[in-house]
Amino acid sequence: MSLLQDDVTSVVAVSNAILASSVDGCIRRFDVRMGRMYTDDLHHSVASLAVSRDGLCVLAACLDSHLRLLDIQAGELLASYAGHKHEDVRMGCAFTADDQHVIGCSEDGKLDSDCLV
């Protein structure tokens, strides 16, 4: 497994894998069973990650004021959400308990929510 290219901003564990986001705009998935690393390049610094309750999706809070929802296994971009300000400070993101909405913090002191369905 190769080293990360920049500062690590968030680490989360999912079934048999570890996800790490970094300032270089990538999310890396370390497959513990196979000893492999997979990289998804979002092209914007990733400040934080959240994993859906079912463990199938990851939400990335990027420093271009977008939340990006990805399929963990395929790395496919499923959705992108805007409407909050997130450019300079590390801000968090989350799923609601039922995975029906995503929530992103904003530098203007607000929380923004978007529906997944």
Side-chain angles (χ1 to χ4, degrees):
M1 293 187 201
S2 66
L3 297 175
L4 297 174
Q5 302 299 312
D6 212 329
D7 294 339
V8 175
T9 56
S10 185
V11 176
V12 293
V14 293
S15 177
N16 298 314
I18 298 169
L19 301 175
S21 63
S22 67
V23 176
D24 68 2
C26 293
I27 297 175
R28 291 173 178 82
R29 179 171 53 94
F30 299 91
D31 186 322
V32 177
R33 291 178 307 174
M34 301 300 290
R36 297 181 128 170
M37 181 187 73
Y38 302 91
T39 302
D40 299 313
D41 192 350
L42 301 182
H43 306 289
H44 299 280
S45 294
V46 182
S48 64
L49 298 174
V51 176
S52 61
R53 194 173 65 168
D54 62 12
L56 299 176
C57 297
V58 63
L59 183 65
C62 299
L63 291 179
D64 66 340
S65 297
H66 283 79
L67 299 175
R68 289 181 172 81
L69 181 69
L70 290 96
D71 177 286
I72 288 178
Q73 290 297 316
E76 178 185 352
L77 181 65
L78 302 174
S80 181
Y81 306 96
H84 64 287
K85 183 178 184 232
H86 185 191
E87 298 169 350
D88 298 318
V89 180
R90 183 180 187 274
M91 304 298 257
C93 60
F95 289 91
T96 56
D98 60 4
D99 282 345
Q100 295 297 306
H101 293 83
V102 296
I103 302 166
C105 297
S106 183
E107 292 172 18
D108 61 8
K110 299 177 182 175
L111 287 175
D112 291 312
S113 175
D114 288 294
C115 187
L116 293 177
V117 246

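Remember, it's a predicted structure, so these values are computed and weren't measured experimentally.
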- Is Ser52 reaching over with its side chain to a backbone N or O of Cys57, donor-acceptor style, under 3.5 angstrom? yes
- Item | Audit row: Leu19, Arg29, side-chain contact (heavy atoms from CB on, under 4.5 Å) steps and yes/no | CA-CA 5 Å; Leu19 301 175; Arg29 179 171 53 94; 3.6 Å; yes
- Message: Return the CG to CG distance between Asp40 and Leu70, rounded to the nearest 0.5 Å.
- Response: 6.0 Å
- Message: Looking at every non-hydrogen atom in both residues, tell me the closest pair between Ser10 and Ser48 and how far apart they are.
- Response: CB-CA, 3.8 Å
- Message: What's the separation between atom NE2 in His43 and atom CG in Asp41, rounded to the nearest 0.5 Å?
- Response: 4.5 Å
- Query: Rounded to the nearest 0.5 Å, how far apart are OG of Ser15 and CD of Gln73?
  - Reply: 8.5 Å
- Is Leu59 linked to Leu78 within one hydrophobic cluster, defined over Ile, Leu, Val, Met, Phe, Trp and Tyr using a side-chain heavy-atom separation of less than 4.5 Å? yes
- Query: Are Ile72 and Val12 joined in one hydrophobic group, where the rule is that I, L, V, M, F, W and Y side chains link up if heavy atoms are under 4.5 Å apart?
  - Reply: yes
- Message: Quick one: does any side-chain atom of Asp7 pair with a main-chain N or O of Val23 as donor and acceptor, under 3.5 Å?
- Response: no
- Indicate the atoms forming the closest heavy-atom contact of Ile18 with Val11, along with that distance. CG2-CG1, 3.7 Å
- Item | Spacing of CD belonging to Glu76 relative to CG belonging to Asp71, to within rounding of 0.5 Å | 6.5 Å
- Message: I'd like to check the side chain to side chain donor-acceptor pair (under 3.5 Å) partners of Thr39; sequence neighbours left out, ordered by chain and number.
- Response: none
- Please round to the nearest 0.5 Å and tell me the distance separating atom CG of Leu67 and atom SG of Cys93. 6.0 Å
- Item | Leu69 side chain near Phe95 side chain, heavy-atom distance below 4.5 Å | yes
- Mind listing the closest non-hydrogen atom pair of His66 and Ser80 along with its distance? CD2-OG, 3.3 Å
- Task: Determine the minimum heavy-atom distance between Ser21 and Val46, stating which atoms define it.
- Result: CB-CG1, 3.4 Å
- Taking every non-hydrogen atom, the tightest pair across Ala20 and Val8: CB-CG1, 4.4 Å
- Message: Using the rule given for side-chain contact (heavy atoms from CB on, under 4.5 Å), can you reason through Val14 versus Val58, listing the C-alpha separation, both sets of side-chain angles and the distance that settles it, and then say yes or no?
- Response: CA-CA 10 Å; Val14 293; Val58 63; over 6 Å; no
- Task: Indicate the atoms forming the closest heavy-atom contact of Met34 with Asp31, along with that distance.
- Result: N-OD1, 3.0 Å
- Query: Atom CG of Leu49 and atom OG1 of Thr9: how far apart are they, to the nearest 0.5 Å?
  - Reply: 6.5 Å
